[in-house]
Amino acid sequence: MKKLIAGNWKMNGSLAEAASLTEAIVHGIDQDHSLLDRCDFVVCPPFIHIETVFGTVRELSHVLSVGAQDCSKFEKGAYTGDISAGMLTDIGCTHVILGHSERRQYQDESDVLIAEKAQAAHGCDLTTIICVGETEQEREQGNAFDVVGAQLAQAVPEGSNAHNTVIAYEPVWAIGTGKTATAEDVKAMHQYIRDKLKEKLADFAHVRILYGGSVKPNNAQELLSVPNVDGALIGGASLKADDYLAIADSAPTV
Ligand code: PGA
């Protein structure tokens, strides 16, 4: 399976920076076609930068997909401040990140809400990148597997399949901290996630499971070679084109 190299730009950058970052990424990929043999690429800018990113990608749209960082569970109507899944499809997005730990933490998002959003997104032909992961305390207490298992059980809705769903395992304590899980821990958790998906999805074997949390050029090769790691969800390092491309370049040959 080709690796999915997903950039989560979070709430960063100006319009001009979004354009120059996009330009550097698409040209980097276009100059080294071996990257496209090994990886698929998606970036998830802030909502109001999406159109600029598309404007910059233009004729190179085949090398870079664009996603959002959230969507509403509602289809349309009086939901001030929300952006619907249909609006994302309409503007050209193919992916949406859901249930990121920052939204769970700062917006109180629950697994039930995440499943509702995922259902709305699937209804609009978006591929959801559903995030799961334990806190440091949960890991220290030996509950990491139970926590992730419960998140998967509730946040992945009926109708999910390998085409419309990607899972991102992001230990909360590894996000933006420079700490990463060991390859052994990642291996064990990704195998566990695969086993859990087997209970739910007929095509579980083809669902991509990304690792996220301080993925950088210097640890990407090790992480991307772990069994059942089918790509990376990258925050900080995705804001630098060279780092984002170097991470992709550490992906093994398919
Ligand atoms: P990070 O963020 O790479 O900066 O740790 C990852 C994420 O939050 O998706």
Side-chain angles (χ1 to χ4, degrees), residues 3-13 17-18 21 25 39-47 49-50 53 64-71 93 95-109 111 114 117-118 121 126-136 138-139 144 147-148 151-152 155 165-183 185-186 189-190 193 208-224 226 229-251:
K3 306 291 186 196
L4 179 64
I5 305 299
N8 175 9
W9 292 1
K10 307 193 181 182
M11 196 174 72
N12 288 298
E17 284 164 342
L21 178 56
I25 289 171
C39 305
D40 292 321
F41 294 89
V42 59
V43 292
C44 301
F47 288 127
H49 292 174
I50 290 173
V53 168
L64 183 69
S65 301
V66 181
Q69 300 169 19
D70 182 41
C71 71
C93 287
H95 292 71
V96 61
I97 298 172
L98 293 175
H100 190 280
S101 67
E102 286 149 16
R103 293 203 64 84
R104 292 174 183 266
Q105 184 181 349
Y106 303 123
Q107 320 293 337
D108 274 337
E109 291 202 2
D111 289 311
I114 294 158
K117 290 182 172 191
L126 290 169
T127 297
T128 51
I129 302 174
I130 299 178
C131 303
V132 295
E134 81 286 355
T135 62
E136 188 151 39
E138 288 162 344
R139 176 156 285 268
V147 167
V148 169
Q151 290 172 337
L152 287 171
T165 303
V166 173
I167 304 296
Y169 169 58
E170 299 202 303
V172 177
W173 47 271
I175 295 175
T177 58
K179 296 185 200 170
T180 42
T182 65
D185 286 340
V186 174
M189 186 58 85
H190 279 236
I193 292 171
R208 277 165 157 164
I209 307 172
L210 313 185
Y211 174 78
S214 298
V215 178
K216 308 281 177 208
N218 65 6
N219 59 24
Q221 189 168 16
E222 184 181 25
L223 290 164
L224 290 173
V226 172
V229 172
D230 308 308
L233 181 56
I234 309 156
S238 74
L239 296 171
K240 293 184 194 137
D242 287 350
D243 285 359
Y244 179 74
L245 294 166
I247 290 169
D249 198 28
S250 3

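Counting starts at 1 for both ligands and their atoms, in listed order.
A side chain to side chain donor-acceptor pair (under 3.5 Å) with Arg208 is found for one member of Thr127, Asp230, Asp40 and no other, namely Asp40.
Put simply, the side chain of Asp70 does not reach to within 4.5 Å of the side chain of Gln107, judged on heavy atoms.
When every heavy atom of Ala232 is checked against every heavy atom of Val215, the shortest pair comes out as CB-CG1, 4.2 Å.
For the 3.5 Å distance criterion, the side chains of His100 and Glu170 qualify, holding a donor opposite an acceptor.
At a heavy-atom cutoff of 4.0 Å, ligand 1 is surrounded by Asn8, Lys10, His100, Glu170, Ala174, Ile175, Gly176, Gly213, Ser214, Leu233, Ile234, Gly235, Gly236.
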- Task: Begin with the C-alpha distance, continue with both residues' side-chain angles, and end with the deciding distance and a verdict on side chain to side chain contact (heavy atoms under 4.5 Å, CB included) for Glu102 and Gln69.
- Result: CA-CA 11 Å; Glu102 286 149 16; Gln69 300 169 19; over 6 Å; no

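Glu136 is linked by a side chain to side chain contact (heavy atoms under 4.5 Å, CB included) to Glu140, Trp173, Lys179, counting only residues two or more places apart in sequence or in another chain.
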